[in-house]
Each structure stands twice: as C-alpha cells, then as structure tokens.
Protein chains: 2
Amino acid sequence: MLSKKTKYGIKALTYICGHKSDGPIPIATIAEAENISHKFLETILLTLRKGGILASKKGKGGGYYLLKDPNEVFMSDIIRLLSGPIAMVPCVSLNFYEKCDDCPDENTCGINRLMLEVRDSTLKVLKAKSLAQLTLESSK
Amino acid sequence: MLSKKTKYGIKALTYICGHKSDGPIPIATIAEAENISHKFLETILLTLRKGGILASKKGKGGGYYLLKDPNEVFMSDIIRLLSGPIAMVPCVSLNFYEKCDDCPDENTCGINRLMLEVRDSTLKVLKAKSLAQLTLESSK
DNA sequence: TGCATTCCCTACTATTTCGATAGGGTTAAT
DNA sequence: ATTAACCCTATCGAAATAGTAGGGAATGCA
C-alpha cells in the first residue's frame, strides 16, 4: 500500500504543477487545498526539495515551485523518493538492492524471478506517467 | 515490500508442493528445511488452511498437504491471503475495495487511474504463475 | 530597523503493523 | 496411556508510519 506520505506528496506536486504560473506556492495553500496537515506536508516537501524535484523560496511571497520540467518527472521517481524501493523484495531492487537474508541463492529462487517480473511490469507503468500527465488528468 | 509472513508462506507451499508424494508434511520438517521459526510458521500455515489452499491431518503422522491442485493455485491467491490487497491504494482493490478517506472523487483522481494500471499489470504477472510452476523453478 | 511571512531542521510522540513467542487445548496413532 | 502432531488465542517487543512541537533563519516591505 502507498503510504500517506507518498500520496500526499503526489497530491502536493500535482497541485504545484497545476498552479505553476502563480509563482511559488506556500505550504499553507497546498495544505488547505488538499486537506493535509501543514506540519506533515512540510516534511514531505522538504524531502521532495532535497530530492531535486522542488525548489523553494523563503520569506514573504515565498513557497515551493518545480525545479524540473514536469514532463521529466516520472511517478517512479516520486515514489522512490518518498517510499523507497518499488520492488517487493530487496534482491530485485534496482536502486536499493540488498541480498535477502533468508535466501541462500538468488539464481535458484523462484520468488526472486517472479518478483523481478512484477518489478519490471510495475516500473513500466510508473515510468510511463509523468507529473505533467497526471496533473492534466486530475483537472478533468 | 513482501512481508516475511508472505515470503515464508510461499516457501512453505513450495516445499509442500515439492514433497507432496510423501503425504502430510509436519510443520517441524518445513520449519527446519526453510529456516523458519516453528511457531511463526504454525500461524502462517493456519492461515493457508483457513484460506482453502492447505489441509491438515492431526495426530501422529499428521501434517499439512495441498488441498488444491498446485496448477490452480496462483501467486495472486497466496499473496492476497497472507498480505491482503495487491493494489497500492484501497480504492482500486478488487478484493478489498475501500474508498480512500482523503479523496473526494475517484473519477477525477489521477492517482486512482495510475494505480489501477499498476494493479492490472501486477496482477497479470501474479495470476500467470502457479504454485506448480514456482516449485519447478525453485528446484532447478 | 522592525516585523510579518515563509521555509528550515531536528527531535519527539502516538499509533499501527510486523515478527515472533507463549502456552495450553484437541486429535489421532500405536 | 503416551506421544506426536495440529489448533487457537493472547501477548510482547521492535520497527515503521503518521503526525506534532518548537525554535531558527531568510526574505520582503513599511
């Protein structure tokens, strides 16, 4: 299941993307519009900024804005930043690989192969959807 | 991420499937072979029995055995039993549907549509792999 | 300069989930 | 009767998740 952190993050990004002509958007505006606790959202946006997707402007008139072209921000990037690995077992993760402690040999592990397939098919979907696309669909 | 419960469950099923000519397999045998805590495995097998995949025989010489044809037990069934929904948001779950508390309208929700696609592609993979197939691959 | 606005950052807390254990009860073979 | 095996519920500790607290720093404007 998607964590609320991730879900809120996606919603916030969608909001920012849909209002990007307004200049920097304050946390408070997003929090109110999307019904997210201000403080919780603050930590989420911080993560997205450190992850290079958002940038911020301090002080009066400040807020958050997109650092990257929304056509180049993919759902897989966002989810990885906020939830970590997309794979269902660490031993098939591309970005967070780790050996499974309970598995003697990956090459003969049926779970490994199955989850590799799952990862690939999931990634195919998540990489094919950009923030720009999602934003468009959400405003319909 | 797959929980250990699910992972252990799959491993246990694979073991039982690979030794089904031996008659009922005691928990202790599986626990030792797959390096799983006996007691923990006990609760997992109980779930699988209640879910209709396994059956058990009590008393001396007892143990667990497959109730269904391993060609008819799919990975999606096992994972649903042990981990719950396959979908990443409740509002696109086929077997565990629930309205997202924070989403005003599913029809205009971009996350909903995206996660629907993810669910479909994941399910396609998980439904295509039966316990029999996994068991074969694991023994290679 | 002073003040309001807004982000920055760390730490903390409450709740839930996960992994595992405990322990006694029931069933069946010999 | 004894022993091997499953049955079932409760509980516990650790980790993850969701959310809170609170002060600090930068910026814009009067």
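Atoms considered below: every heavy atom in the structure, side chains included; atoms not considered: hydrogens, waters and symmetry mates. Proteins get letters first, then strands, A, B, ... in listed order; numbering begins at 1 in each.
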- Message: Reading DNA chain D from 5' onward, which residue's closest nucleotide shows up sooner: B:T43 or A:Y8?
- Response: B:T43

- Task: Let me know, please, whether B:A28 or A:T6 comes out on the 5' side of the other along DNA chain D by nearest nucleotide.
- Result: B:A28

- To the nearest Å, give me how far apart NZ (A:K57) and P (D:dA26) are. 15 Å

- Note on the structure: B:K4 NZ to C:dT21 P, in whole Å, measures 11 Å

- Give me the one residue out of B:L45, B:T47, B:L46 that meets side-chain contact (heavy atoms from CB on, under 4.5 Å) with B:R49. B:L46

- Query: Any side-chain N or O of A:R49 less than 4.0 Å from the OP1 or OP2 oxygen of C:dC9?
  - Reply: yes

- Provide, to the nearest angstrom, the distance between the OH atom belonging to B:Y65 and the P atom belonging to D:dA5. 16 Å

- Message: What is the separation between atom NE2 on B:H38 and atom P on D:dC8, rounded to the nearest whole Å?
- Response: 15 Å

- Note on the structure: Separation of D:dA21 atom P from A:F40 atom CZ, nearest Å, is 14 Å

- Task: Establish, with yes or no, whether the OP1 or OP2 oxygen of D:dT20 is under 4.0 angstrom from a side-chain nitrogen or oxygen of A:S37.
- Result: yes

- Query: How would you label the contact of A:K39 with the nucleic acid (heavy atoms, under 4.0 Å): base, sugar-phosphate, or nothing?
  - Reply: base

- Query: Touch check for A:I27, heavy atoms < 4.0 angstrom, all strands: base, sugar-phosphate only, or nothing?
  - Reply: sugar-phosphate

- Note on the structure: Separation of D:dA18 atom P from A:L45 atom CG, nearest Å, is 16 Å

- Message: When you group the ILVMFWY residues by side-chain heavy-atom contacts below 4.5 Å and let the links chain together, are A:L13 and A:I36 in the same group?
- Response: yes

- Message: Does D:dC6 have its OP1 or OP2 closer than 4.0 Å to a side-chain nitrogen or oxygen of B:K60?
- Response: no

- Rounded to whole angstroms, how far apart are CG on B:L2 and C1' on C:dG19? 15 Å

- Message: Could you check whether any side-chain N or O of B:D120 sits under 3.5 Å from a backbone N or O of B:E117, counting only pairs where one atom can act as donor and the other as acceptor?
- Response: no

- Item | Protein-nucleotide distance (B:L48, atom CG; D:dC7, atom C1'), rounded to Å | 15 Å

- Task: Answer with yes or no whether B:K7 presents, from its side chain, a donor or acceptor under 3.5 Å of a partner atom in the base of C:dG19.
- Result: no

- Message: Within this structure, what is the CG-CD distance for the pair A:L131 and A:Q133, rounded to the nearest 0.5 Å?
- Response: 10.0 Å

- Is a donor-acceptor contact shorter than 3.5 angstrom present between the side chain of B:E42 and the base of D:dC6? no

- Using the closest heavy atom to pick a nucleotide of DNA chain C for each, name whichever of B:G61 or A:Y64 lands nearer the 5' end. A:Y64

- Query: Just by distance, with hydrogens left out, do B:T6 and B:S83 show a side-chain donor and acceptor under 3.5 Å apart?
  - Reply: yes

